[in-house]
Amino acid sequence: MNGDEMVSKADAIWWSLSSSDWLEAFHSHPKIGESRAAQPVEVDAQRWSQQEQSGMRTASQSTINELAELNRAYEEQFGYIFIICATGKTPDEMLAALRLRLGHGPEEELRCAAAEQARITKLRLEKLMKAVAG
């Protein structure tokens with residue numbers, strides 16, 4: 001199976017899962033601006049997450065504070081953490097997305113979070129394939 005086939009297969013599997021499966025996957029991610037997930041993850045996944053959120057290193061304290069506050073509001077509203085493919089996004093872009101998505105209804109937001117998780121999975125599979133190809 002080549003890389004494109006693997007990514008395509010992973011995407012098909014992801015979208016065939018139930019919402020409870022998606023929610024379980026979300027628990028493997030740290031909140032934006034944090035370094036640890038709610039559940040233990042392997043070292044590569046933790047390292048990749050830190051790389052993906054590297055833009056947070058440039059965030060102002062007010063942006064960090066607002067992200068933390070809105071992360072709490074999001075989790076209270078939807079029952080899971082805010083999932084976003086952070087790669088290439090600035091802290092202000094992530095904050096704007098969080099504000100926007102707080103306006104979603106539960107079903108719309110779950111599908112949006114699942115789409116973000118699918119993007120993260122694609123990027124991580126690509127990283128894994130590069131590492132294996134070495």
Side-chain angles (χ1 to χ4, degrees):
M1 179 181 304
N2 70 33
D4 290 339
E5 291 170 332
M6 187 181 301
V7 168
S8 179
K9 183 74 170 172
D11 196 56
I13 291 168
W14 176 251
W15 290 109
S16 73
L17 297 175
S18 70
S19 58
S20 64
D21 293 322
W22 293 346
L23 294 170
E24 183 179 337
F26 298 166
H27 289 308
S28 296
H29 291 280
K31 295 175 185 175
I32 293 296
E34 295 184 7
S35 60
R36 296 247 181 237
Q39 294 180 347
V41 295
E42 48 178 80
V43 174
D44 283 341
Q46 185 175 352
R47 183 172 35 90
W48 288 340
S49 181
Q50 289 170 348
Q51 290 169 348
E52 292 158 3
Q53 290 194 44
S54 64
M56 286 302 298
R57 292 184 200 130
T58 64
S60 69
Q61 191 58 51
S62 64
T63 297
I64 291 169
N65 292 345
E66 189 171 359
L67 274 167
E69 180 182 323
L70 293 181
N71 267 325
R72 282 189 293 279
Y74 181 99
E75 197 165 359
E76 287 175 16
Q77 181 173 333
F78 296 111
Y80 53 90
I81 69 164
F82 174 67
I83 300 288
I84 189 166
C85 183
T87 300
K89 290 184 178 62
T90 67
D92 289 333
E93 289 170 329
M94 289 184 273
L95 182 56
L98 178 49
R99 285 185 193 123
L100 175 74
R101 288 172 50 191
L102 277 165
H104 289 172
E107 287 183 33
E108 178 184 16
E109 182 51 29
L110 182 59
R111 297 229 21 113
C112 186
E116 292 294 319
Q117 175 66 56
R119 287 183 193 95
I120 293 166
T121 299
K122 179 180 187 276
L123 288 171
R124 291 186 181 181
L125 280 173
E126 290 169 350
K127 289 176 188 178
L128 181 61
M129 288 182 288
K130 283 181 184 177
V132 169

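Note that the structure is predicted; figures quoted are calculated from it, not measured.
The salt bridge (Lys or Arg N to Asp or Glu O under 4.0 Å) contacts involving residues 4-16 comprise nothing, where partners must be two or more places apart or lie in separate chains. Residue pairs satisfying the ring pair (Phe, Tyr, Trp, His ring centres under 6.0 Å) criterion with at least one member in residues 97-134, sequence neighbours excluded, are absent.
Taking CG from Leu123 and CG from Leu128, the interatomic distance works out to 12.5 Å, rounded to the nearest 0.5 Å. In this structure, CG on Leu110 lies 10.5 Å from CD1 on Ile83, to the nearest 0.5 angstrom. To the nearest 0.5 Å, atoms CD (Glu109) and CZ (Arg101) are separated by 4.0 Å. Here the straight-line distance linking atom CG of Leu23 with atom CG of Leu17 works out to 11.5 Å at 0.5 Å rounding.
Within the 3.5 Å criterion, the main-chain N or O of Pro106 finds no donor-acceptor partner in the side chain of Arg111.
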Please list every donor-acceptor pair under 3.5 Å in which a side-chain atom of residues 112-120 meets a protein atom from a residue at least two apart or in another chain.
unit_1, atom_1, unit_2, atom_2, d
Glu116, OE1, Cys85, N, 2.7
Glu116, OE2, Arg119, NH1, 2.7
Gln117, OE1, His29, NE2, 2.5
Gln117, NE2, His29, NE2, 3.4
Gln117, NE2, Thr121, OG1, 3.2

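In this view, Gln77 satisfies the side-chain hydrogen bond (donor to acceptor under 3.5 Å, both in side chains) rule with no residue, not counting sequence neighbours. Residues satisfying the side-chain contact (heavy atoms from CB on, under 4.5 Å) test with Gln61, not counting sequence neighbours, are Ile64, Asn65. Trp22 is linked by a ring pair (Phe, Tyr, Trp, His ring centres under 6.0 Å) to Trp14, Trp15, counting only residues two or more places apart in sequence or in another chain. Residues meeting the side-chain contact (heavy atoms from CB on, under 4.5 Å) test with Met129, sequence neighbours left out: Met6, Val7, Leu125, Glu126. Partners of Glu108 according to the salt bridge (charged side-chain N to carboxylate O under 4.0 Å, His left out) rule, which considers only residues two or more places apart in sequence or in another chain, do not exist here. Legend: residues meeting side-chain hydrogen bond (donor to acceptor under 3.5 Å, both in side chains) with Ser18, ordered by chain and number and at least two apart, are Ser20, Asp21. In this structure Arg99 satisfies the side-chain hydrogen bond (donor to acceptor under 3.5 Å, both in side chains) test together with Glu66, sequence neighbours excluded. Partners of Tyr80 under the ring pair (Phe, Tyr, Trp, His ring centres under 6.0 Å) rule, at least two apart in sequence or in another chain, are Phe26, Tyr74. With sequence neighbours excluded, the residues that form a side-chain contact (heavy atoms from CB on, under 4.5 Å) with Glu69 are Arg72.
For the pair Phe82/Lys31, no side-chain contact is recorded, criterion being any heavy-atom separation below 4.5 Å from C-beta on. With a 4.5 Å cut-off on side-chain heavy atoms, Ile84 and Leu98 do not count as touching.
Closest of all the heavy-atom pairs between Leu102 and Leu70 is CD1-CD2, 3.8 Å.
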